[in-house]
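Quantities reported herein were computed from a predicted structural model and do not represent experimental measurements. One-based numbering, in listed order, for ligands and for the atoms of each.
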Amino acid sequence: LSRNLWQNNYRFYIKEIGEASAKRLKLERSLRKSIEKQELLVYYQPIVDMQTGSITGTEALVRWDHPEFGLLSPDNFIPLAHETGFIIDIGKWVLKQACLQTKLWHRAGYDSMSISVNISAIELDQSQLLNHIENILAETDLFPAALELEITESVLMHDAEASVRILQELKKMGIKIAVDDFGTGYSSLSYLKRFPIDILKIDRSFARDIVIDSDSSTIVTTIIALARSLGLSVLAEGVETKEQFDFLYQGQCDRAQGYLFSRPIGAENLFSLLRQPKTGTLA
Ligand code: C2E
Ligand code: MG
Ligand code: MG
Ligand code: MG
(Lines give C-alpha, C1' and ligand atoms only; values in the text may rest on other atoms or scores of the structure.)
(Ligands and ions follow the chains in the order given, each with its own letter.)
Protein backbone atom coordinates (compact mmCIF):
# COMPACT_ATOMS: atom_id res chain seq x y z
CA LEU A 1 0.00 0.00 0.00
CA SER A 2 2.71 2.46 1.00
CA ARG A 3 4.57 1.62 -2.18
CA ASN A 4 1.49 2.49 -4.21
CA LEU A 5 1.10 5.70 -2.33
CA TRP A 6 4.69 6.58 -3.03
CA GLN A 7 4.31 5.80 -6.73
CA ASN A 8 1.21 7.93 -6.97
CA ASN A 9 2.88 10.82 -5.22
CA TYR A 10 5.87 10.44 -7.48
CA ARG A 11 3.73 10.50 -10.63
CA PHE A 12 1.92 13.52 -9.30
CA TYR A 13 5.20 15.21 -8.53
CA ILE A 14 6.61 14.55 -12.01
CA LYS A 15 3.40 15.84 -13.57
CA GLU A 16 3.60 19.02 -11.48
CA ILE A 17 7.20 19.67 -12.48
CA GLY A 18 6.24 19.17 -16.11
CA GLU A 19 3.37 21.63 -15.82
CA ALA A 20 5.51 24.19 -14.02
CA SER A 21 8.23 24.17 -16.67
CA ALA A 22 5.67 24.27 -19.47
CA LYS A 23 4.15 27.34 -17.82
CA ARG A 24 7.58 28.89 -17.43
CA LEU A 25 8.35 28.32 -21.07
CA LYS A 26 5.07 29.89 -22.12
CA LEU A 27 5.70 32.87 -19.85
CA GLU A 28 9.21 33.31 -21.15
CA ARG A 29 8.01 33.31 -24.77
CA SER A 30 5.15 35.71 -24.17
CA LEU A 31 7.05 38.09 -21.85
CA ARG A 32 9.06 39.54 -24.75
CA LYS A 33 5.88 40.54 -26.53
CA SER A 34 4.07 41.76 -23.43
CA ILE A 35 4.98 45.43 -23.88
CA GLU A 36 4.06 45.75 -27.55
CA LYS A 37 0.88 43.72 -26.95
CA GLN A 38 0.05 46.21 -24.19
CA GLU A 39 -0.38 43.49 -21.57
CA LEU A 40 1.68 45.24 -18.90
CA LEU A 41 -0.05 47.59 -16.49
CA VAL A 42 1.14 49.87 -13.76
CA TYR A 43 -0.78 49.76 -10.51
CA TYR A 44 -0.39 52.52 -7.95
CA GLN A 45 -0.43 52.10 -4.18
CA PRO A 46 -1.09 55.26 -2.17
CA ILE A 47 1.51 56.53 0.26
CA VAL A 48 -0.01 58.43 3.15
CA ASP A 49 1.37 61.20 5.35
CA MET A 50 0.88 59.95 8.92
CA GLN A 51 0.18 63.36 10.43
CA THR A 52 -2.41 64.60 7.91
CA GLY A 53 -3.73 61.26 6.65
CA SER A 54 -3.63 62.51 3.08
CA ILE A 55 -2.14 60.81 0.05
CA THR A 56 1.21 62.42 -0.77
CA GLY A 57 2.31 60.00 -3.47
CA THR A 58 2.17 56.48 -4.84
CA GLU A 59 4.41 53.52 -5.54
CA ALA A 60 4.30 52.16 -9.08
CA LEU A 61 3.92 48.35 -9.08
CA VAL A 62 3.91 46.48 -12.36
CA ARG A 63 1.29 43.85 -13.31
CA TRP A 64 1.03 41.57 -16.32
CA ASP A 65 -2.41 40.88 -17.71
CA HIS A 66 -1.56 37.57 -19.34
CA PRO A 67 -4.01 36.28 -22.00
CA GLU A 68 -3.97 32.76 -20.55
CA PHE A 69 -2.99 33.12 -16.88
CA GLY A 70 -4.81 36.33 -16.01
CA LEU A 71 -3.44 39.19 -13.90
CA LEU A 72 0.03 38.24 -12.69
CA SER A 73 1.86 39.93 -9.83
CA PRO A 74 5.58 40.76 -10.18
CA ASP A 75 6.75 37.70 -8.25
CA ASN A 76 5.47 35.59 -11.17
CA PHE A 77 7.56 37.30 -13.84
CA ILE A 78 10.13 39.77 -12.46
CA PRO A 79 12.63 36.96 -11.70
CA LEU A 80 12.15 35.66 -15.25
CA ALA A 81 12.50 39.17 -16.63
CA HIS A 82 15.75 39.42 -14.69
CA GLU A 83 17.19 36.20 -16.09
CA THR A 84 16.34 37.16 -19.65
CA GLY A 85 17.51 40.77 -19.29
CA PHE A 86 14.05 41.94 -20.32
CA ILE A 87 13.79 43.75 -16.98
CA ILE A 88 15.62 46.68 -18.62
CA ASP A 89 12.77 47.24 -21.08
CA ILE A 90 10.12 46.65 -18.43
CA GLY A 91 11.84 49.07 -16.07
CA LYS A 92 12.04 51.81 -18.70
CA TRP A 93 8.41 51.28 -19.62
CA VAL A 94 7.21 51.39 -15.99
CA LEU A 95 9.23 54.52 -15.25
CA LYS A 96 7.82 56.32 -18.29
CA GLN A 97 4.21 55.33 -17.51
CA ALA A 98 4.59 56.26 -13.86
CA CYS A 99 6.03 59.70 -14.69
CA LEU A 100 3.38 60.38 -17.36
CA GLN A 101 0.60 59.42 -14.95
CA THR A 102 1.99 61.45 -12.07
CA LYS A 103 2.29 64.48 -14.36
CA LEU A 104 -1.44 64.06 -15.15
CA TRP A 105 -2.21 64.10 -11.43
CA HIS A 106 -0.07 67.22 -11.04
CA ARG A 107 -2.01 68.89 -13.86
CA ALA A 108 -5.27 67.93 -12.18
CA GLY A 109 -4.22 69.95 -9.14
CA TYR A 110 -2.45 67.29 -7.05
CA ASP A 111 0.78 69.00 -7.85
CA SER A 112 3.05 67.69 -5.12
CA MET A 113 2.34 63.97 -5.60
CA SER A 114 5.50 61.88 -5.49
CA ILE A 115 6.07 58.72 -7.51
CA SER A 116 8.17 55.81 -6.26
CA VAL A 117 9.64 53.40 -8.78
CA ASN A 118 11.53 50.16 -8.05
CA ILE A 119 14.97 49.74 -9.57
CA SER A 120 16.48 46.27 -9.88
CA ALA A 121 20.12 45.17 -9.88
CA ILE A 122 20.48 44.87 -13.65
CA GLU A 123 18.95 48.30 -14.19
CA LEU A 124 21.35 49.91 -11.73
CA ASP A 125 24.27 48.15 -13.46
CA GLN A 126 23.44 49.45 -16.85
CA SER A 127 25.39 52.48 -18.06
CA GLN A 128 22.36 54.00 -19.79
CA LEU A 129 20.30 54.32 -16.61
CA LEU A 130 21.08 57.98 -15.94
CA ASN A 131 20.38 58.89 -19.57
CA HIS A 132 17.07 57.05 -19.57
CA ILE A 133 15.92 58.75 -16.41
CA GLU A 134 17.02 62.17 -17.60
CA ASN A 135 15.19 61.69 -20.93
CA ILE A 136 12.00 60.45 -19.30
CA LEU A 137 11.93 63.38 -16.87
CA ALA A 138 12.43 65.78 -19.79
CA GLU A 139 9.79 64.11 -21.99
CA THR A 140 7.20 63.98 -19.24
CA ASP A 141 8.14 67.36 -17.76
CA LEU A 142 8.03 65.97 -14.24
CA PHE A 143 10.09 67.80 -11.63
CA PRO A 144 12.93 65.50 -10.47
CA ALA A 145 12.19 65.85 -6.74
CA ALA A 146 8.83 64.14 -7.37
CA LEU A 147 10.68 60.95 -8.32
CA GLU A 148 11.79 58.51 -5.62
CA LEU A 149 13.81 55.52 -6.75
CA GLU A 150 13.53 52.43 -4.54
CA ILE A 151 16.60 50.26 -4.31
CA THR A 152 17.15 47.35 -1.92
CA GLU A 153 20.20 47.12 0.30
CA SER A 154 21.55 44.04 -1.47
CA VAL A 155 21.33 45.77 -4.85
CA LEU A 156 23.16 48.82 -3.46
CA MET A 157 25.87 46.69 -1.90
CA HIS A 158 26.33 44.45 -4.94
CA ASP A 159 28.82 46.95 -6.37
CA ALA A 160 29.05 49.60 -3.69
CA GLU A 161 31.61 51.81 -5.48
CA ALA A 162 29.50 51.98 -8.63
CA SER A 163 26.31 52.51 -6.62
CA VAL A 164 27.77 55.50 -4.79
CA ARG A 165 28.70 57.15 -8.09
CA ILE A 166 25.29 56.57 -9.69
CA LEU A 167 23.44 57.71 -6.59
CA GLN A 168 25.51 60.89 -6.46
CA GLU A 169 24.55 61.65 -10.07
CA LEU A 170 20.88 61.00 -9.33
CA LYS A 171 21.12 63.25 -6.31
CA LYS A 172 22.61 66.03 -8.44
CA MET A 173 19.61 65.70 -10.73
CA GLY A 174 17.36 66.27 -7.71
CA ILE A 175 15.96 62.72 -7.57
CA LYS A 176 15.31 61.05 -4.17
CA ILE A 177 16.69 57.68 -3.18
CA ALA A 178 14.87 55.22 -0.90
CA VAL A 179 16.26 52.01 0.59
CA ASP A 180 13.51 49.43 -0.02
CA ASP A 181 12.77 46.56 2.39
CA PHE A 182 15.05 48.20 4.95
CA GLY A 183 16.11 45.91 7.79
CA THR A 184 16.14 42.68 5.81
CA GLY A 185 19.63 43.07 4.35
CA TYR A 186 22.65 41.92 6.26
CA SER A 187 25.12 44.64 5.44
CA SER A 188 26.78 46.95 7.92
CA LEU A 189 24.85 50.13 8.62
CA SER A 190 27.91 52.18 7.71
CA TYR A 191 26.72 52.25 4.10
CA LEU A 192 24.07 54.73 5.23
CA LYS A 193 26.87 57.27 5.67
CA ARG A 194 28.48 56.55 2.30
CA PHE A 195 25.38 56.58 0.11
CA PRO A 196 23.39 59.75 -0.50
CA ILE A 197 20.11 58.26 0.72
CA ASP A 198 16.94 60.23 1.51
CA ILE A 199 14.39 57.67 2.69
CA LEU A 200 14.25 54.41 4.63
CA LYS A 201 11.32 52.11 3.78
CA ILE A 202 10.88 49.75 6.72
CA ASP A 203 10.25 46.23 5.44
CA ARG A 204 6.71 45.04 5.83
CA SER A 205 7.68 42.03 7.95
CA PHE A 206 8.33 44.45 10.85
CA ALA A 207 5.02 46.29 10.53
CA ARG A 208 3.26 42.93 10.38
CA ASP A 209 4.55 41.89 13.80
CA ILE A 210 4.64 45.29 15.54
CA VAL A 211 1.71 44.57 17.84
CA ILE A 212 2.39 40.91 18.56
CA ASP A 213 6.15 40.78 18.85
CA SER A 214 8.16 43.13 21.06
CA ASP A 215 11.35 42.53 19.05
CA SER A 216 9.65 43.84 15.92
CA SER A 217 8.30 46.90 17.68
CA THR A 218 11.74 47.62 19.14
CA ILE A 219 13.30 47.29 15.71
CA VAL A 220 10.75 49.67 14.18
CA THR A 221 11.26 52.24 16.95
CA THR A 222 15.01 51.95 16.49
CA ILE A 223 14.84 52.38 12.69
CA ILE A 224 12.70 55.50 13.12
CA ALA A 225 15.23 56.92 15.63
CA LEU A 226 18.09 56.03 13.28
CA ALA A 227 16.38 57.79 10.38
CA ARG A 228 15.75 60.87 12.57
CA SER A 229 19.32 61.17 13.70
CA LEU A 230 20.66 60.76 10.16
CA GLY A 231 18.18 63.32 8.85
CA LEU A 232 16.37 60.76 6.67
CA SER A 233 12.67 60.42 6.05
CA VAL A 234 11.10 57.12 7.14
CA LEU A 235 8.18 55.17 5.68
CA ALA A 236 6.52 51.97 6.92
CA GLU A 237 5.39 49.38 4.36
CA GLY A 238 2.65 46.81 4.80
CA VAL A 239 0.44 48.65 7.30
CA GLU A 240 -2.74 46.58 7.48
CA THR A 241 -4.41 47.37 10.80
CA LYS A 242 -5.39 50.37 12.88
CA GLU A 243 -3.23 49.00 15.75
CA GLN A 244 -0.15 49.01 13.53
CA PHE A 245 -1.02 52.50 12.34
CA ASP A 246 -1.42 53.77 15.91
CA PHE A 247 1.96 52.38 16.92
CA LEU A 248 3.68 54.06 13.97
CA TYR A 249 1.79 57.29 14.58
CA GLN A 250 2.93 57.36 18.22
CA GLY A 251 6.45 56.56 17.06
CA GLN A 252 6.35 59.53 14.65
CA CYS A 253 6.92 57.62 11.48
CA ASP A 254 6.63 60.08 8.56
CA ARG A 255 4.69 58.10 5.98
CA ALA A 256 2.95 54.75 5.60
CA GLN A 257 1.76 52.44 2.88
CA GLY A 258 -0.38 49.31 3.13
CA TYR A 259 -3.72 47.56 2.70
CA LEU A 260 -5.18 49.66 5.57
CA PHE A 261 -5.26 52.58 3.15
CA SER A 262 -5.48 50.76 -0.16
CA ARG A 263 -4.09 47.88 -2.18
CA PRO A 264 -2.23 48.76 -5.37
CA ILE A 265 -4.92 49.89 -7.85
CA GLY A 266 -5.26 51.17 -11.41
CA ALA A 267 -4.70 54.85 -12.23
CA GLU A 268 -8.43 55.59 -12.59
CA ASN A 269 -9.23 54.16 -9.18
CA LEU A 270 -6.31 56.01 -7.62
CA PHE A 271 -7.65 59.24 -9.08
CA SER A 272 -11.06 58.59 -7.48
CA LEU A 273 -9.32 58.01 -4.16
CA LEU A 274 -7.50 61.33 -4.50
CA ARG A 275 -10.76 63.15 -5.02
CA GLN A 276 -12.27 61.72 -1.84
CA PRO A 277 -12.03 64.22 1.04
CA LYS A 278 -9.88 61.84 3.07
CA THR A 279 -8.81 58.19 2.95
CA GLY A 280 -11.76 56.53 4.64
CA THR A 281 -9.82 54.31 7.02
CA LEU A 282 -8.24 57.22 8.83
CA ALA A 283 -11.46 59.10 9.55
P1 C2E B 1 8.17 46.17 -2.99
O2 C2E B 1 8.82 47.21 -3.80
O3 C2E B 1 8.65 45.98 -1.60
O4 C2E B 1 6.61 46.54 -3.02
C5 C2E B 1 5.72 46.34 -1.96
C6 C2E B 1 4.94 45.06 -2.12
O7 C2E B 1 4.18 44.86 -0.92
C8 C2E B 1 3.92 45.09 -3.27
O9 C2E B 1 3.81 43.77 -3.81
C10 C2E B 1 2.64 45.47 -2.54
O11 C2E B 1 1.46 45.06 -3.21
C12 C2E B 1 2.81 44.72 -1.25
N13 C2E B 1 2.04 45.32 -0.16
C14 C2E B 1 1.76 46.62 0.03
N15 C2E B 1 1.04 46.82 1.16
C16 C2E B 1 0.84 45.59 1.69
C17 C2E B 1 0.15 45.14 2.89
O18 C2E B 1 -0.42 45.90 3.66
N19 C2E B 1 0.19 43.79 3.11
C20 C2E B 1 0.81 42.92 2.27
N21 C2E B 1 0.77 41.62 2.58
N22 C2E B 1 1.48 43.32 1.14
C23 C2E B 1 1.48 44.65 0.87
P24 C2E B 1 3.81 43.49 -5.37
O25 C2E B 1 3.05 44.55 -6.11
O26 C2E B 1 3.40 42.06 -5.56
O27 C2E B 1 5.34 43.65 -5.75
C28 C2E B 1 6.30 42.77 -5.24
C29 C2E B 1 7.71 43.22 -5.54
O30 C2E B 1 7.95 43.20 -6.95
C31 C2E B 1 7.99 44.66 -5.12
O32 C2E B 1 8.26 44.73 -3.74
C33 C2E B 1 9.19 44.98 -5.98
O34 C2E B 1 10.36 44.47 -5.39
C35 C2E B 1 8.90 44.18 -7.24
N36 C2E B 1 8.37 45.09 -8.29
C37 C2E B 1 7.10 45.53 -8.48
N38 C2E B 1 7.02 46.35 -9.55
C39 C2E B 1 8.29 46.46 -10.04
C40 C2E B 1 8.88 47.18 -11.16
O41 C2E B 1 8.24 47.93 -11.90
N42 C2E B 1 10.23 47.01 -11.33
C43 C2E B 1 10.99 46.23 -10.52
N44 C2E B 1 12.30 46.11 -10.76
N45 C2E B 1 10.47 45.53 -9.49
C46 C2E B 1 9.14 45.65 -9.25
MG1 MG C 1 9.28 49.07 -3.50
MG1 MG D 1 9.44 46.99 -0.12
MG1 MG E 1 10.27 43.73 -1.96
K.L.:
Would Arg275 and Phe271 count as a cation-pi pair here, with the cationic atom under 6.0 angstrom from the ring centre and within 45° of the axis?
P.N.:
yes
K.L.:
Number the atoms of ligand 1 from 1 as they appear, then name those within less than 4.0 Å of a heavy atom of Pro264, with their elements.
P.N.:
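Close to Pro264: 11 (O).
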K.L.:
When you measure from the heavy atoms of Arg263 to every atom of ligand 1, does any distance fall below 4.0 Å?
P.N.:
no
K.L.:
Quick one: report the N, O or S atom of Glu150 that is nearest to the Mg ion (ligand 2).
P.N.:
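That would be atom OE1.
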K.L.:
Counting only nitrogen or oxygen atoms and a 3.5 angstrom limit, does Glu59 reach ligand 1?
P.N.:
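The answer is yes, given that Glu59 and ligand 1 share an N or O pair closer than 3.5 Å.
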K.L.:
Strictly by ring pair (Phe, Tyr, Trp, His ring centres under 6.0 Å), give each pair with a member in residues 120-160 just once, sequence neighbours left out.
P.N.:
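Ring pair (Phe, Tyr, Trp, His ring centres under 6.0 Å) check on residues 120-160 returns His106-Phe143.
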K.L.:
Should the pair Asp181-Lys201 be classified as a salt bridge under the 4.0 Å nitrogen-to-oxygen rule?
P.N.:
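Salt bridge flag = no for Lys201 with Asp181.
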K.L.:
In degrees, rounded to 10 degrees, what angle do Asp181 atom OD1 and Glu237 atom OE2 make at the Mg ion (ligand 3)?
P.N.:
150°
K.L.:
Can you find a non-hydrogen atom of Arg208 under 4.0 Å from ligand 1?
P.N.:
no
K.L.:
Less than 4.5 Å apart, side chain to side chain, heavy atoms only: is that true for Val94 and Leu40?
P.N.:
no
K.L.:
Determine, for Tyr191 and Arg194, whether the Lys NZ or Arg CZ falls below 6.0 Å from the six-membered ring centre while staying within 45 degrees of the axis.
P.N.:
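No, cation not above the ring by the 6.0 Å, 45° rule.
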K.L.:
Between Ser73, Pro74, Ala178, which one has a non-hydrogen atom sitting closest to atom 24 (P) of ligand 1?
P.N.:
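Looking at heavy atoms only, Pro74 sits closest to atom 24 (P) of ligand 1.
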K.L.:
Is the closest heavy atom of Glu240 to ligand 1 under 4.0 Å?
P.N.:
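Yes; Glu240 lies near enough to ligand 1 that a heavy-atom distance drops under 4.0 Å.
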K.L.:
Under 4.0 Å from a heavy atom of Glu123: which atoms of ligand 1 are those, numbered in the order shown and with their elements?
P.N.:
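Listed by number with element: 44 (N).
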K.L.:
Closer than 2.8 Å to the Mg ion (ligand 3), do we get an N, O or S atom from Asp203, backbone or side chain?
P.N.:
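Under 2.8 Å: Asp203 has no N, O or S contact with the Mg ion (ligand 3).
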K.L.:
Under 4.0 Å from any heavy atom of Gly258, which atoms of ligand 1 are there?
P.N.:
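Within the 4.0 Å cut-off of Gly258, ligand 1 contributes 15 (N), 18 (O).
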K.L.:
Restricting to N/O/S, name the atom of Asp180 that gets closest to the Mg ion (ligand 2).
P.N.:
OD2
K.L.:
Which of the atoms of ligand 1 are close to Asp181, meaning less than 4.0 Å from one of its heavy atoms?
P.N.:
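Near Asp181, meaning under 4.0 Å from one of its heavy atoms, ligand 1 has 3 (O).
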K.L.:
Which is the closest N/O/S atom of Glu59 when seen from the Mg ion (ligand 2)?
P.N.:
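Answer by atom name: OE2.
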